[in-house]
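One structure is given below, encoded as structure tokens.
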Amino acid sequence: MNCYECQDKISAYIDKQLSLTQIKEFDEHISNCSQCSEMYEGVLTIVGALNKLPKLTVSENFNGNLKRKIETVSSRPTRRFSKVFYGRHLWGFEPKYAFAFVTAVVAIVVLAVSLIPEKSPQTFTQPIPNPTINQFSDPVKNKNIRPVTTGEKEMLVSEQEEDSILTREKPIRQKPDLKGKIRLVKDKK
Amino acid sequence: MANEQFTYTDEELIRRFQEGDEQAYTELVNRYRNKLINFVVRFLGDINDAEDIVQDTLLKLYTHKHFYRSIAKFSTWIYTIASNMAKTELRKRKRHKVSFLSQIGREEKDYDIPTEDKSGALIEGQYTELEIQRAIQNLPLHFRTAVILRDIQELSYEEISKILDVPLGTVKSRINRARIQLQQELKDVRKNRR
């Protein structure tokens, strides 16, 4: 038996919880190890002191006070009712936490509602305005822009038709106006 | 722990009380009030709150008598209730007095021991009651409960295991470590006294 094992078994030795073999090993170690022997003596003294602590007694009016408490509890309304309205807890929450919880939930709901954008029914039917065709078809108004060729017009018209189909199918999503850029890339080719 | 010889066992009394015999309840109160007050006072270090806790424990016995099942020993059941209530009280105190305690520091905590006139007398010729109580108070909660139940309430390891709802080996280990810690703390106290 080493010191660790010995110190681990001090209480078991005092409380007679060890087997005969373990008792022999413990005794042998204690007689050879001053440190463990000192600790054993110290623990033995503590156990004796704890056992001899003065025994306390309740006050004289203990039973009277207890009786009053019992009468108070007995005079309360039915158990279920009292549990909900008279107890410290309100359906599993302490009142202050329940109030905080409800406030937080209401705040989240209000925030969520205010963040959702309002949708009018017209949004679904109105086509997204596409200035491309007018812009290119009227060279007088748009002097800085060169006239559109027939091929380009056909392409733009078909693109517009395509856009109107897309607009009908996905009315909320607005396509970014990249037409000028796309056309220029194609022109370069 | 029960050296006393009674006409009825605790289990018979609680059964009678469950059947409506109020006299049986009074008998149980008289049997356990002082045992429980010793346990709670040593656990909390305060007689005033301790008496309230013991009353609440016995009130719970009154209101929840049908929760007791005859498979367990009555003493185990009542100590479990008292232990839980004492722990709740400590948690409540921690919540309410945390700022106060952090200001005054560990050594300056005062314990309201009812037998102040006796606390100067040496127990086992070594330590005063107040010194022992302070050392108990410095133990971690799970060590404190185990050592009080064993060395002050004189319960068996098996009973403590049931009350604390931990394996027997854990109880043995906790008791041993608690005693060693107490021994070390009180050794320091004795050195400082000299």
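A, B, ... follow the sequence lines: proteins, then strands. Residue 1 opens every chain.
Among all heavy-atom pairs drawn from Q183(B) and E38(A), the shortest one is NE2-O, 4.4 Å. Contact detail for Y157(B) and S11(A): the closest heavy-atom pair is OH-O, 4.0 Å. Closest approach of N61(A) and E51(B) over heavy atoms only: OD1-OE2, 4.4 Å. For K9(A) against N176(B), the heavy-atom pair with the smallest separation is N-ND2, 4.3 Å.
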**Item:** Stepwise side-chain contact (heavy atoms from CB on, under 4.5 Å) test for T57(A) and I37(B)
**Value:** CA-CA 7 Å; T57(A) 52; I37(B) 202 83; 5.8 Å; no
**Request:** For D56(B) and K69(A), run side-chain contact (heavy atoms from CB on, under 4.5 Å): C-alpha distance rounded to whole Å, both residues' side-chain angles, the deciding distance at 0.1 Å, then the answer.
**Result:** CA-CA 8 Å; D56(B) 289 346; K69(A) 279 189 180 182; 2.9 Å; yes
**side-chain contact (heavy atoms from CB on, under 4.5 Å) evaluation trace for L182(B) with L50(A)** = CA-CA 10 Å; L182(B) 281 176; L50(A) 290 172; 3.9 Å; yes
**Request:** Using the side-chain contact (heavy atoms from CB on, under 4.5 Å) rule, take R42(B) and L53(A) through it: C-alpha gap first, then chi angles, then the decisive distance, then the call.
**Result:** CA-CA 10 Å; R42(B) 296 306 172 197; L53(A) 276 174; 3.9 Å; yes
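By number of non-hydrogen pairs under 4.5 angstrom with chain A, the leading residue of V147(B), I180(B), N38(B), V54(B) is N38(B).
Surrounding CD of E12(B) are more than 12 heavy atoms belonging to other residues, nucleotides or ligands, all under 6.0 Å away. The environment of NZ in K65(B) is crowded: more than 12 heavy-atom neighbours from other residues, nucleotides or ligands sit within 6.0 Å. Atom CZ of R177(B) is surrounded by 12 or fewer heavy atoms from other residues, nucleotides or ligands within 6.0 Å. Counted within 6.0 Å of CG on L115(A), heavy atoms from surrounding residues, nucleotides or ligands total more than 12; the atom is thus considered enclosed. E19(B) CD: more than 12 foreign heavy atoms inside a 6.0 Å radius. Within a 6.0 Å radius of CD in Q23(B), no more than 12 heavy atoms belonging to other residues, nucleotides or ligands are found. The environment of CG in D165(B) is sparse: at most 12 heavy-atom neighbours from other residues, nucleotides or ligands sit within 6.0 Å.
Atoms CD and CD1, on Q55(B) and I70(A) in that order, are 9.5 Å from each other to the nearest 0.5 Å. Residue K187(B) holds its NZ atom at 11.0 Å from CD1 of I46(A), rounded to the nearest 0.5 Å. Here CG of N65(A) is found 12.5 Å from CG of L58(B). Values are rounded to the nearest 0.5 Å. Atoms NZ and CD, on K52(A) and E129(B) in that order, are 14.5 Å from each other to the nearest 0.5 Å. Atom CG of residue L36(B) and atom CG of residue L56(A) lie 12.5 Å apart, to the nearest 0.5 angstrom. The distance from atom CZ of R179(B) to atom CG of L44(A), rounded to the nearest 0.5 Å, is 9.0 Å.
The hydrophobic clustering, which links ILVMFWY residues whose side-chain heavy atoms are closer than 4.5 Å, places I23(A) and F26(A) together.
Both the backbone and the side chain of D52(B) come within less than 4.5 Å of a heavy atom of chain A. Within the 4.5 angstrom heavy-atom criterion, only side-chain atoms of Y25(B), from C-beta onward, approach chain A.
Side chains of R33(B) and N63(A) form a contact here, defined as non-hydrogen atoms less than 4.5 Å apart.
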